[in-house]
Amino acid sequence: MSAMTKPISVELMATLDEKNLRSSIEFTAAHIGAIMVVDAAPLLTEDGRIDRPKVLRAFDRAIAKVPEFSKRMIPAPLGLTAAVWVPDESFDIARHVYIVDEVTPLEDRTLRRLAGFERDLLDRRLPLWDATVTLLDNGQIAVGVRLHHVVGDAKWAFDTLTLLTEEELSVDDGTPPLHARDTGRAPRTRLLLPLRVLRDWWREQPSLRAAWAEYSRKPVKKRISRMVGRNIRWYKEWVIRRRNLAAQYLPPNRSAFFSISRSSAEAAASSLGGSLTDLIVAALLTAVDDDDRGRDALVPVTRRVKGDRSVRNDVSVL
């Protein structure tokens, strides 16, 4: 299928997700990361180095199951709508997966490096994720992943992680590589985005009355203020640099790592009348008690049905 015959694919970003993109401060703060430790043997060459082609092929086939990982974000002209997600037709897995040849220990001081946070911020012009594959000094491999929150919330991320780590998934599981899939294309010009978004929105409305009810649900004043906000981001960035606000709102953070046996942790939890999950949550609440107001907890509640990955971000916080 030629590029021009591929169907146009446009996914409008929710306005609530836009808050993570309003300025460089929000964009930086919304970077999240995780590290997964796996058996190194299947991913090494005979001389004990990481097999780069095999790792890239494994990632390529795995993320073929997650279309969101091959979409990039582009702004609408004049800020008429929120930004949209479109297929990255020049997607290259090698631009998102970093292979680290240096053998590294898994400890407090290396966590940020293993997760990829010592590199520059994610590139807004590309799909907002990357991975770092590092050989550990204990013979295992650390797979660190950086993801921007606007790509999906925790519910979406856990469902995606489950999908990517299914037991039957392997380097050669029969899943077509991403470059062989028909992922659609972006409109030829950004000027067409508002019309495309309007068309898709209209098709979702069951009737004219329902369309008016949906549109009038948000005040016109708020819609205008959002559009103005999208067009003055350059001014916000000027203020941030002039007042050095990044240092104020993005203070240094700490990373820590330790390992305990599962049996001893379960025994401790049982003696306290709870489960291992209860113990982990209690430990996290204690760790973030960093003020004089007591422990603060935000409880995420999602209304999506189990297994629904069609919505990127849909979590209410209590």
task = State plainly whether the residues Glu26 and Arg233 are in salt-bridge range, i.e. N to O under 4.0 Å.
result =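 Arg233 and Glu26: not salt-bridged.
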query = In terms of side-chain geometry, is the basic nitrogen of Lys71 or Glu11 positioned less than 4.0 Å from the acidic oxygen of its partner?
reply =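 The answer is yes: the pair qualifies as a salt bridge.
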ask   = Would you say the side-chain atoms of Thr132 and Arg119 include a donor-acceptor pair closer than 3.5 Å?
value =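 Yes, Arg119 and Thr132 have a side-chain donor paired with an acceptor closer than 3.5 Å.
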query = Quick one: do the Asp88 and Ser90 side chains pair a donor with an acceptor below 3.5 Å?
reply =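 Yes, because at least one side-chain N or O of Asp88 sits under 3.5 Å from a partner of the opposite role on Ser90.
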Check for a donor-acceptor pair, side chain of [X] on one end and backbone N or O of [Y] on the other, with a separation under 3.5 Å.
| X | Y | result |
| --- | --- | --- |
| Ser270 | Ala267 | no |
| Thr104 | Glu102 | yes |
| Ser261 | Ser264 | yes |

ask   = Taking side chain as C-beta onward, heavy atoms only, is Lys236 less than 4.5 Å from Ser24?
value =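 Side chain of Lys236 against side chain of Ser24, heavy atoms only: no contact under 4.5 Å found.
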Just wondering, more than 12 heavy atoms not from [X] lying within 6.0 Å of its [atom1]?
| X | atom1 | value |
| --- | --- | --- |
| Arg49 | CZ | no |
| Tyr98 | OH | yes |
| Trp212 | CH2 | no |
| Asp47 | CG | yes |

query = Relative to each other, are the rings of Trp238 and Tyr235 parallel, tilted or perpendicular (30° and 60° limits)?
reply =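 Ring orientation, 0 to 90° scale: parallel.
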inquiry  = Over 60° means perpendicular and under 30° means parallel, so tell me whether Phe69 and Trp129 are parallel, tilted or perpendicular.
reply    =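 Tilted.
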request  = Could you list the residues that satisfy ring-ring contact (aromatic ring centres under 6.0 Å, His included) with Phe59, not counting sequence neighbours?
outcome  =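 Counting only residues at least two positions away or on another chain, Phe59 forms no ring-ring contact (aromatic ring centres under 6.0 Å, His included).
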query = Are Glu18 and Arg230 close enough, and set up right, to give a side-chain contact (heavy atoms from CB on, under 4.5 Å), and what steps lead you there?
reply = CA-CA 9 Å; Glu18 277 195 294; Arg230 295 172 189 134; 2.9 Å; yes
inquiry  = Going by salt bridge (charged side-chain N to carboxylate O under 4.0 Å, His left out), name the pairs with one or both residues in residues 260-276, residues two or more places apart or in two chains.
reply    =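 Qualifying pairs, neighbours excluded: Arg262-Glu266.
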inquiry  = Going by the rule salt bridge (Lys or Arg N to Asp or Glu O under 4.0 Å), which residues pair with Arg217 if we only count those two or more places apart in sequence or in a different chain?
reply    =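 Listed in chain order: Glu214.
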